[in-house]
Amino acid sequence: MPSELSEGLQIQSLRVELGGRAVLADVNLCQETGTYACLLGESGSGKSTLLATIAGLIRPQQGKVSIHGQVVSKDKTFLPPERREIGMVFQDAALWPHMSILDNVLYPLRARRLAVEKSRAMALLERMAIPTAAARRRPHELSGGQQQRVAIARAIIAKPRIVLLDEPLSALDHGVRENLREFLHGLFAEEGITALHVTHDPGEAFYLGRRVGVLNGGHLEQWDTPERLYQQPASLVVARLGGSVRAIQVPVLESRDKEAVLQWEGQRWTVPAASELQSASQATLLLRPSDLELDEAPTAAPEAQVRHAHWHDGQYLLTLQASDGQEFLAYSRQGDLGPRRWQLRRGQGWCIPLQSSANH
Amino acid sequence: MKRLMLALLGLGLASAAHAATLTLYSAAPATLARTLAADFEKKTGDHVEVWTSSTGKVMARLAAEANHPHADVVMVAGWSAGLDLAQQGMVYPYHPADIEKALVKPAQVSAPFLPYGLDTVSMVFNTKALPKGAKLPDSWFDLTQPQWKDRITAPNPLLSGTASSFLTAFVDQYGNKAWKFLSELKANGTVWPGTNHAALLPVMSGERSGMFECVGHAAVAAKAQGNSIVQVFPKEGTIMIPRPILILKSAPDKKLAEQFVNFAMSPAGQKLVAKNNLYPARQGVPAKPIMNKMGSFKVMSVNWSQMAAKQPAILARFKKEILGQ
Amino acid sequence: MTRVVNHLLVYLILGVLVLAPLGAIVYEALQPGAGHQHGVALLQLGVDQHFLDSLSGTLGMAGFAVLFALPMGFALAMLMYYVPPRWTPFWEALILIPFLIPPYLTAEAWSLLVGPVGMIEQVIGFLGSSLEGFLFSLAGMGMMMALHLTPLVYILLRAALDNGNPRLLQAARVHGASALAAFRLGILPTLLTALAAAGLLVFMDTSAEFGVPALLAGYAGVQVLSTSIEGATNVWPVNLPMASAIGLVLCAMGVLVWFLYRPLVRNNEGQIQRRAPARSVWWSILPIAVFVLVGTIMPVLAVLAISLEKAMTAGLQASNFTWEHYHHIFSNSSSGFAALLTSLKISALVAVFGMASALLAANLVRRGGRIGALVDLLGTLPMAVPGVVLAVGMILFWNAPWNQLPVFGHPIILAVAYATVTFPFALRYARTGLAQIPPRLEQAGRVHGASPLRTALGIQVPLVWPMLVGGATVVFALSMRELVASLMLQPAGMQVISTYIYGNFRQGVIGNGMALSVIGIFSSALILGLARKALIRR
């Protein structure tokens, strides 16, 4: 099938246990060749383990990993890392301190017995904005940002089938990080390199990834475009990555194709809904501040108490408490505490199956 | 894999092992064994590996290696130790008549091996370290006097071949009187710290005054260095101990071993024996002038083959009663 | 594949070095003893008066060593920490030197110093004779070991003091504790743990010691287990089951103490806190200088002096001076020089081979799991196994009728023995080295196309190189000084430096032995210095 061929990376029902504890369970994802994807998750979510498993540094208990259509890990099959034709960038650059910059970059060519073209390495370093004179120096003589650029050069010089990046920017200072982020974006798009980038920074993931996966507690919660992650999150965890959000538990009156009719604060609301909602009687309504209208709310609208207000981005961000005690956020031009009328904007909000986690 | 590892290890030590070599286990003075080996090498071009220790340890090692024998030629200090090995059937008889004829009188003892030299035992004193007002004794039995309390050492007969030979002869001669003397000696604070040298060292350094049944060559060597050491031959007499050189049955190259024994018994070899403060076994080779002339002190007569039979029981009793082991 | 080879190699190395001799000992100890008609040798020990005497000798010697070493090490550590003299590093180096001098040499030197015509008496005219009685006793033997081991106590206690968090002390003071109460709260607990650990270590090392009792016990009229084992193995009539049984008891003592010791030092790896340097005080030099005098200066001077004297009893006079012993060592056919060369060769070989094996083993230990823990245990076990027991085990194993490998009677057996004795130290250095490289550096190698072997040789070895060289120098130094296994295992035709010195001392040719001691100490220090300089760049 043609679609199979364009799969740069495919993972099916992957399960990894470390020390008897499941670190990854039932992970499935499929990444197109030549695209940049990101894996987002907090520390301990299993994202680095997933990367190490793809690299062949960890042997999974179950599941299948294939790179460019070649199965590298399934049942008894397990290709050692050196035969997977991949490149990798680590959080702390992981340049070998006993080799020069140039030797670091040339290492993948030597190790794979490919033609050792110094000129190409030098050109690559130049492209990474590493001064030519630095090529003979040792890694510790370069700045953190420069070291990471060298590590990127090392990862791509042997034209790997996929480049894995494990938090490559998080050890860097803020300014350097933004700069390198842009650089990565341009470079990988230009070269058409398949890349999987692990990070805990949603901004970074949304900036770089054509697709973004969200890992939580060893589960891949969602694997989607950044837009859909924001607008149609599969869970509260995913929704939080897109910005401030509150989860409200509400009864469902009726659920249709892509909508649900909810009953809350004495009113019926028609809200976009995930197809998994089906005919559940309760649902979690995810509300971002921009989903609500306060200043233009009609007099018939329900009332809530403003508990807290602070100046934020040119307007007030209010914390409101509904009559059933549940809290939500909204923007307004006024910051007074006390009762306010509110309503849900048409087509805003997002309804998912009931999640146990409480508001914040 | 193990062989490969051994081979690799062996590379670094290649100089230590050769193909055609003679292995000598010796309880003779270390320098004698080494110079004999070196001169033999110079003369014949054959290599000699030497391991030197005390008689007791040479005997132990020969027993331990019964399964994988390493030694070809053995030199021990006591004649009875040689007879013991012969009794165990380990000795390849070699005592050509022409060499036996050339031996000095006290060395003419019938055995399946040859004596390479002779030695005595005596009392030894450090004249600088005598107790105040003490005179040198002239009898073995004087050493139990209170003035020698904690001042005397003795070699351990389990280690020293000459001491074990003397002990056997002494017990043979005096019976229960000898055992009583030994236990009194012990009660008087005498220690048996090890070999002759180990026992002589505190005497040389003055920590102790004197030594019981000290082997002659060690005392002479200490004297020759300029230490204030005197040998005393008691009136009861001492014994003249031939020191055996013997070839083991397990030696693969008997010709080479015989050559070595011949060399040790030759005038050149006997000169080395004399140089190391032993009485040469061969007539016509003089002992060092510093040594007491043979005949100038009294010697007890010894029946060696009888003694060899009695020795194990005497040593066992000594080990238990005197050393408490 | 590479991994399987790595595993097999490590099993083979540990099997040959550790399991084979220990297994042989256990097997032999369960045989009937030579002097008895029935029952296994191990059970006959209980009614053997000689064994009980030796056991009490060993316990006494080790007890005295602990009794002397702990207060000395404690005093030195407290002085150097709270009221250091000027030029602290200089004094610290002097305090540590006795640990570098092999204990048998310290004992030899002291036995030359004391006595009515010993060097002390020769120089100051008194004290020598009264010290003699002390040296040739259980307490004297314990003292010799204490001199050797006090630096170790000092190091452990200093580490405990340095590890104490000064903030805890400050917090205690701020909240109303007196200086003494703050000390009790913030420092005493770690200090007590360190004292316990140091005491166990001194006990273990002393009870395993052979050289010092071999030299002194005979004169003291006492017996200890290590020399009994050597006697039962090396002196006719031989009783190997008895030797093994005593060895097993000694070994069990060591292992027991070691298991008590290990947990005490494990959590002692805290960050060293730098605190404001203490005010230096002149009077703290006095006690420190006394230790340095007794532990370092006097023995070293005695060795030097004897190496330059014609006759020991003639004393320190111009007419008694000679270079003869040094001439003798450097003369062509000298067995002393040959012994030095042999020692250098074997020690260098063991340093290289030992560190390579230790690196292989450390890789397994790092991988963790049950196998890692087992490799760690076996690799560090020789710490608790006395050299004399190991030597008996090696004789039993390599000289067994069925063992056709030509190891016993070949110089290689010394290399094998040294490798076993030094393995725990090699393993510790290799592990520290590996712990210092982030695993990512090696993962980066694998991910970018290097095979495990290539990663090991091209990335791991260069990165742990300084630690490998450091470990190799320690292994080298320990191999150069090893005495008891050398004595019991050395084949015909060769000597090593320690057996030459010991043998000459016992044969009364003291000057040559002392001259070789001087040459040996200087040459190995020089070689180690040059090797370190050449091998560690940057």
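Worth knowing before you read on, the calculation uses all heavy atoms, side chains too, and leaves out hydrogens, waters and symmetry mates. Everything quoted here is computed from the prediction, not taken from an experiment. Just so we're on the same page: letters track the sequence lines, and every chain starts at 1.
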Can you tell which part of [X] gets under 4.5 Å to a heavy atom of chain B, answering side chain, backbone, both or neither?
{"X": "C/Q495", "answer": "side chain"}
{"X": "C/E230", "answer": "side chain"}
{"X": "C/T233", "answer": "backbone"}
{"X": "C/V352", "answer": "neither"}
{"X": "C/A400", "answer": "backbone"}

What I'd like to find out is whether the side chain of B/E207 reaches to under 4.5 Å of the side chain of C/F136, using heavy atoms alone.
yes
Within the 4.5 Å heavy-atom criterion, are C/Q404 and B/H68 side-chain neighbours or not?
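Yes. Closest side-chain heavy atoms under 4.5 Å.
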State which residues pass side chain to side chain contact (heavy atoms under 4.5 Å, CB included) with B/Q88; sequence neighbours excluded, sorted by chain then number.
B/D84, B/L85, B/M90, C/W236
Name all residues meeting the side chain to side chain contact (heavy atoms under 4.5 Å, CB included) criterion together with B/D253; count only those two or more places apart in sequence or in a different chain, and write none if there are none.
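Expected list: B/K255, B/L256.
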Examine whether an atom of [X] lies under 4.5 Å from a heavy atom of chain C, and if so say whether it belongs to the side chain, the backbone or both; otherwise answer neither.
{"X": "B/I229", "value": "neither"}
{"X": "B/A129", "value": "neither"}
{"X": "B/L158", "value": "both"}

Looking at [X] and [Y], what are the two nearest heavy atoms and their distance?
{"X": "B/A199", "Y": "C/Y219", "value": "N-OH, 4.4 Å"}
{"X": "B/V191", "Y": "C/G218", "value": "CB-O, 3.6 Å"}
{"X": "C/V235", "Y": "B/K57", "value": "CG2-CE, 4.1 Å"}
{"X": "C/L489", "Y": "B/R61", "value": "O-NH2, 4.2 Å"}
{"X": "B/L201", "Y": "C/I510", "value": "CD1-CD1, 2.8 Å"}
{"X": "B/W51", "Y": "C/P491", "value": "CD1-O, 3.9 Å"}

Sort by residue number and list every residue of residues 70-78 of chain B having at least one heavy atom under 4.5 Å from chain C.
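Residues of residues 70-78 of chain B touching chain C at under 4.5 Å: B/H70.
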Note: vs chain C, highest number of non-hydrogen pairs under 4.5 angstrom among B/S54, B/S26, B/P193 is B/P193
Quick one: which of B/G56, B/P29, B/A66 has the most heavy-atom pairs under 4.5 Å with chain C, could you say?
B/G56
B/K132: which residues meet the salt bridge (Lys or Arg N to Asp or Glu O under 4.0 Å) condition with it, sequence neighbours left out?
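Partners of B/K132 under the salt bridge (Lys or Arg N to Asp or Glu O under 4.0 Å) test: none.
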Taking B/R208 first and then C/E132, would you say they form a salt bridge - that is, a charged N and a carboxylate O separated by under 4.0 Å?
no
Measuring from C/L487:CG to B/S53:OG, what's the distance to the nearest 0.5 Å?
7.5 Å
